[in-house]
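Single-structure report; data block below.
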Amino acid sequence: MITIKTEEQIQRMYIANQIVKHTLEEIEKYIKPGISTKKLDEIAEDFIRKNNAIPNFKNYGGFPASICASVNDVVVHGIPSNNIILKEGDIISIDCGALKGGYHGDAARTFAVGKISKEKQRLIDITKECFFKGIENIKIGDRIGTIGAQIQEFAEKNGFSVVREMVGHGIGKNLHEDPEVPNYGIKNTGEIIKEGMTLAIEPMINMGRKEIYIDYDGWTCRTQDGKPSAHYENTVAFTSDGIKILSL
């Protein structure tokens, strides 16, 4: 069931999402060769709790950490570890969430570790742009499928592929709500976008083929061909004044 939020509820979601935004900015300061993804997770959890919020990823469905830390060929859901040490030339996607005032925030960014290749930088840049292409000219009364179609069209036009199995989602009092928001699809299909809907829109874009697999740990999602993947996510609200990006 899709839940429609009031202005007051959207404002609460804005507060939660601003904590997520600032957490990602805090993590970025420490992303450099030699740091472990476990240390980044500790920094994130400490920052979220200092802002009187709860790291909503931790123990969600059994996930053991406060962030997803996904390096190079890991698409999403990478588990932070003392054994995963960032190296010059890596890219890392950080997906992060916070619960504050009964409402959830959720956002993700992909960062360079030191100096990276032009190809990896282009992947990061196009993935971010995919998000903005996805919501371009979208308004109340349009359909969810148009968002995915616009993301897919832009990604594929630039020579990249779109993950199918992992999608965006509704968000509010629960971290994951209806509807699903695929990053691919057909324009003018799917649920009608209504005022008060809040969605986490999150392109996951691969440098190579779109196929993925889940690692032995049951969480870590990797590209089948071993090529890098990038992730960019924001929580948005559809209001009478247009789309509001709550995590920017």
Side-chain angles (χ1 to χ4, degrees), residues 2 17 20 24 57 68 70 72-78 91-97 104-111 119-120 122-139 142-171 175-193 197-214 219-225 227-238 243 245-248:
I2 297 172
N17 277 283
V20 175
L24 289 166
F57 286 14
C68 300
S70 305
N72 294 331
D73 66 320
V74 179
V75 181
V76 285
H77 302 161
I91 61 173
I92 180 170
S93 299
I94 303 290
D95 195 355
C96 178
H104 290 268
D106 189 6
R109 305 284 185 266
T110 301
F111 301 107
E119 293 80 9
K120 284 183 174 178
R122 184 167 176 270
L123 173 66
I124 291 173
D125 293 342
I126 293 296
T127 301
K128 178 179 178 178
E129 200 165 345
C130 277
F131 168 85
F132 292 99
K133 288 292 183 183
I135 62 172
E136 191 173 67
N137 300 319
I138 296 292
K139 60 188 183 302
D142 290 339
R143 292 182 179 269
I144 294 288
T146 302
I147 297 173
Q150 292 181 171
I151 290 170
Q152 181 183 5
E153 179 182 9
F154 187 74
E156 293 178 351
K157 182 176 74 175
N158 282 279
F160 297 121
S161 64
V162 178
V163 172
R164 301 299 200 268
E165 293 85 349
M166 304 292 176
V167 299
H169 51 91
I171 182 171
L175 179 57
H176 290 96
E177 299 182 350
D178 292 333
E180 290 191 341
V181 187
N183 298 303
Y184 64 95
I186 301 170
K187 290 183 179 180
N188 302 316
T189 63
E191 296 282 351
I192 295 172
I193 296 170
M197 283 178 65
T198 48
L199 305 175
I201 299 171
E202 49 180 321
M204 289 157 269
I205 307 299
N206 295 349
M207 186 178 287
R209 301 196 311 269
K210 67 180 183 295
E211 289 80 16
I212 61 167
Y213 71 95
I214 306 300
W219 283 102
T220 306
C221 170
R222 297 181 183 271
T223 59
Q224 276 195 15
D225 59 12
K227 292 185 178 180
S229 184
H231 184 199
Y232 185 88
E233 174 186 21
N234 284 304
T235 297
V236 307
F238 291 88
I243 298 176
I245 304 175
L246 305 181
S247 46
L248 283 181

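Sequence positions, counted from 1, serve as the residue numbers for this chain.
Considering all non-hydrogen atoms of both residues, I171 and G105 come closest at CD1-C, 4.1 Å. Smallest separation of non-hydrogen atoms from W219 and I214: N-CG2, 3.8 Å. Taking every heavy atom of both residues into account, I151 and P203 meet most closely at CD1-CG, 3.9 Å. I245 and F132 get closest at one heavy-atom pair: CD1-CE2, 3.9 Å. Of all the heavy atoms in F238 and I138, the pair that sits closest is CE2-CG2, 3.8 Å. When all heavy atoms of T110 and S93 are compared, the closest pair comes out as OG1-OG, 2.7 Å.
The backbone N or O of L175 sits less than 3.5 Å from a side-chain atom of H169, completing a donor-acceptor pair. A donor-acceptor pair under 3.5 Å is formed between the side chain of D225 and the backbone N or O of K227. S229 places no side-chain N or O within donor-acceptor distance of the main-chain N or O of V75, the cut-off being under 3.5 Å.
Here the straight-line distance linking atom SG of C221 with atom CD of E165 works out to 7.0 Å at 0.5 Å rounding. From I201, atom CD1 reaches atom SG of C130 across 12.5 Å, with rounding to the nearest 0.5 Å. Annotation: the span from H104 atom NE2 to F57 atom CZ amounts to 10.5 Å, rounded to 0.5 Å. Note that CD1 of I186 is 9.0 Å distant from CD of Q152, once rounded to the nearest 0.5 Å. The SG atom of C96 sits 8.5 Å away from the CG atom of D106 when rounded to the nearest 0.5 Å. The distance from the CG atom of N234 to the CG atom of L199 is 12.0 Å, given to the nearest 0.5 Å.
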Is there a side chain to side chain contact (heavy atoms under 4.5 Å, CB included) between I2 and D178 once you walk through the steps? CA-CA 5 Å; I2 297 172; D178 292 333; 3.9 Å; yes
V162 vs I205, side chain to side chain contact (heavy atoms under 4.5 Å, CB included): CA-CA, chis, key distance, verdict: CA-CA 5 Å; V162 178; I205 307 299; 3.9 Å; yes
Decide yes or no on side chain to side chain contact (heavy atoms under 4.5 Å, CB included) for I147 and I193, but give the supporting numbers first. CA-CA 10 Å; I147 297 173; I193 296 170; 4.1 Å; yes
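Residues forming a side-chain contact (heavy atoms from CB on, under 4.5 Å) with R222 (at least two apart in sequence, or on another chain): D73, V74, Y213, D215, T220. Residues that satisfy the side chain to side chain donor-acceptor pair (under 3.5 Å) test with T127, not counting sequence neighbours, are absent from this structure. Scanning for side-chain contact (heavy atoms from CB on, under 4.5 Å) contacts around A108 gives D95, H231, E233, with sequence neighbours left out. Shown here are the side-chain contact (heavy atoms from CB on, under 4.5 Å) partners of D125, two or more places apart in sequence or in another chain: Q121. Evaluation of the salt bridge (charged side-chain N to carboxylate O under 4.0 Å, His left out) rule for K157 yields no partner, not counting sequence neighbours. Take K120 and apply the side-chain contact (heavy atoms from CB on, under 4.5 Å) test, not counting sequence neighbours, and it matches N72, I91, I116, S117, M207, P228. In this structure, the salt bridge (charged side-chain N to carboxylate O under 4.0 Å, His left out) partners of K133, at least two apart in sequence or on a different chain, are E136. In terms of the salt bridge (charged side-chain N to carboxylate O under 4.0 Å, His left out) criterion, residue partners of E211 (sequence neighbours excluded) are, by chain and number, R209. Every ring pair (Phe, Tyr, Trp, His ring centres under 6.0 Å) that F131 has, sequence neighbours left out, goes to Y232. Scored by the side chain to side chain donor-acceptor pair (under 3.5 Å) test, Q150 finds no partners at all (sequence neighbours excluded). In terms of the salt bridge (charged side-chain N to carboxylate O under 4.0 Å, His left out) criterion, E129 has no residue partners (sequence neighbours excluded).
The shortest side-chain heavy-atom distance between C68 and V76 does not fall under the 4.5 Å cut-off.
Remark: the N17 side chain and the T235 side chain contain an N/O donor-acceptor pair separated by less than 3.5 Å.
The side-chain hydrogen bond (donor to acceptor under 3.5 Å, both in side chains) contacts involving residues 181-191 comprise nothing, where partners must be two or more places apart or lie in separate chains.
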